[in-house]
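What follows is one structure encoded as structure tokens, with my remarks underneath.
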Protein chains: 2
Amino acid sequence: MPANLKDVAIRAGVSVRTVSNVVNTPEVVAVGTRERVQAAIEELGYRPNVAARALRRGRSEVIGLVVPEIDSPYFAELAAHVVRAAEARGWTVHIEQTDGSGPRERQLLDGARGQGVDGVIFSPWSMTADEISRRSAAPPVVMLGEQPGVGTVDHVAVDNRLAADTATRHLLASGRRRIAAVGLQPHLRNETARQRLAGYRDALAEAGVPDDERLHVAVERLHHEDGVGAMQRLAQLDELPDALFCFTDQLALGALRACADLGLRVPEDVALVGFDDIEAGRYAVPSITTVAPDKPRLAELVLTCLEERMRDHELPGRDLVVPHRLLVRESAPAPGAAPGGAAG
Amino acid sequence: MPANLKDVAIRAGVSVRTVSNVVNTPEVVAVGTRERVQAAIEELGYRPNVAARALRRGRSEVIGLVVPEIDSPYFAELAAHVVRAAEARGWTVHIEQTDGSGPRERQLLDGARGQGVDGVIFSPWSMTADEISRRSAAPPVVMLGEQPGVGTVDHVAVDNRLAADTATRHLLASGRRRIAAVGLQPHLRNETARQRLAGYRDALAEAGVPDDERLHVAVERLHHEDGVGAMQRLAQLDELPDALFCFTDQLALGALRACADLGLRVPEDVALVGFDDIEAGRYAVPSITTVAPDKPRLAELVLTCLEERMRDHELPGRDLVVPHRLLVRESAPAPGAAPGGAAG
DNA sequence: CCCCTAGTTTGCAACGTTGCAATGCCACGT
DNA sequence: ACGTGGCATTGCAACGTTGCAAACTAGGGG
């Protein structure tokens, strides 16, 4: 049985309340008493019971991180930052996986709310902001990823449309004209993918390059294997694409693998741009040119957002943008660059 | 304010206790009452308060997963399995990162214990089983990774020595003789690395190949960049190695990248074997031959272990082995295999 | 010598839930 | 009509903590 306040109180010869004060507001306790109590705490190895504390205080100091899959490198890297940033605030992080399924997202969001977390970071693939807003009350929610319209929920994301535009322009600038867009998920209400497609179209339109729908490749998920499949399908077109804008680095890495199998050289025959800047993309051969969201900033911003909402539950929905930059690497080098050279 | 049992009780015209019964043991409640109460629960959107429940029951249904870094693909993949397996048991998972630092491991292990988790899955890089055993009591701990001796704590791992032996034999069988071992971490008490080195030596000894210490490469961490550095250092030896046994796939991927930069062909000039079977290794060019632990089984086993220990806190420390297999892929093909072909 | 103040310490109640054991109710058998 | 047994429901207390406000102590001024 772990020691509780009472045990410590008896040992130190003070009241339970005083021990609680030593733990929570040591400055109001006389030095002598404080030391005596602290000694008793050490001796008994006392740790506050978080359940009791949460019950009494009405706060658990736990937040939920609800993502489609924690083993996708992007989410894993993000989670690492979130956990660190949470720790700096004295919070711990619950992880839940939705696999991107709508029912599961709904269930978890409802579940997580009763689950005694103080806030939820939610990365939806199927649910829209609207739907989420409607499930009112309880712990504040901050969404990852863009959303159409402004609900009552905050959302934090890079400017996907602009980023996709930048990425596509980069390919256009190096002379590519048949640029495929890989990563649409029409079976999900994936607003992020839509924004990226929109940005891709912006760039094509601006450059006067026709938007050939045969170059839009839908995928089931966003894993390596989907990238392989996408490239294989593209290879069957009458005319090969000369570049791929992949909506995630994992897709790009899959496409890269498929290119190798198809005997296509990257970037000579096909250039590749990815999204997310996952670690593996930096070390691939060739290294993957990618759009890098500022992940530490993203994590920090999301937590700040939650923090503010915990203080004031009535805040209106906000729409926060995280900076990003295009990291030009080997799979889609700068316009006139000489071939070869190390990763960025 | 979320509804509580009392609100529901009033609405349904029954006692608080009956509502509690409906929630926990519906079979003891008369059908009519049950339906009335369930309706009230729906209407008020009642969710049990987990803090109160945990306080009263003495169990939180939360387990802690303490790993060095959640963004390492191996741990991310493992976490995904652990979360899924936990969910099947109605548990949620807290994630904590130690960065492999000893003090931090100690702190978290102690912290997590007071933190109201029912059990801890702990993946140490610095602490030994001995040390962990000594920090007695409170929630049960199951360790990931091998440990010397048998403490009072369970540990679950693949047979690293055997696996390393198999991997090294594979390289020897294909004619390699100067095989480097990459991934020692002498600055940590990393027993896993030691076991892998031991297995590597077993294989060399058996084959009568001298164990050249210059081919043992220590690394700071186990990331891609460490693999790059290791390969670079190996390239400066008088005589190049003709194979690398890397203790993680990330190291192997880093080495692969370095080989490309050094103009070394894989596997023709240098063969690579990794460990962990992370997704990225399956799609690399060439794909990485690797030792694959059965991760789903590992997760399942760890949770079963915890479950048993929750029931009986006095169980002796156990030493559980998870199956593994060598996946032969392109970076170190089978002995007489023709070059080329797809990943496994 | 007493009162007041500031500085410490304390008791009580409550957070929402569930274990325990008691109570109430009804139908059945005698 | 009455006792009995079984099912359904209930009240009380407690889990460990902290908010609140009261109580106590000592020191200084009147």
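Numbered from 1 within each chain, the chains take letters A, B, ... in sequence-line order. Worth knowing before you read on, the calculation uses all heavy atoms, side chains too, and leaves out hydrogens, waters and symmetry mates.
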- Less than 3.5 Å between a donor and an acceptor, one on the side chain of A:R56 and one on the base of D:dT17, is that the case here? no

- Task: Grab the CZ-P distance between B:R34 and D:dA8 for me, whole Å please.
- Result: 9 Å

- Rounded to whole angstroms, how far apart are CZ on A:R47 and P on D:dT17?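 After rounding, the gap between these two atoms is 13 Å.
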
- Nearest listed nucleotide, side chain of B:R53, among D:dG16, C:dT9, C:dT18: C:dT18

Does a side-chain N or O of [X] approach OP1 or OP2 of [N] to a distance below 4.0 Å, or not?
X     : N      : answer
B:T33 : D:dT9  : yes
B:S15 : D:dT9  : no
B:N21 : D:dT9  : no
B:N49 : C:dC15 : no
B:S20 : C:dT18 : yes
B:N4  : C:dG16 : yes
B:R57 : D:dC15 : no

- Task: Under 4.0 Å between any heavy atoms, over every strand shown, what does B:R17 touch: base, sugar-phosphate, or nothing? Just pick one.
- Result: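 Here B:R17 touches the bases of the nucleic acid.
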
- Message: Could you check whether any side-chain N or O of B:D99 sits under 3.5 Å from a backbone N or O of B:S101, counting only pairs where one atom can act as donor and the other as acceptor?
- Response: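 A pair under 3.5 Å: no.
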
- If only atom types and distance count, is the side chain of B:R318 paired as donor or acceptor with the main-chain N or O of B:D154 below 3.5 Å? no

- Message: Looking at B:E27, I'd like to know if its CD atom is crowded, meaning that more than 12 non-hydrogen atoms belonging to other residues, nucleotides or ligands lie closer than 6.0 Å.
- Response: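 Above 12, so yes.
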
- Stepwise side-chain contact (heavy atoms from CB on, under 4.5 Å) test for B:T98 and B:M127: CA-CA 11 Å; B:T98 63; B:M127 285 178 83; over 6 Å; no

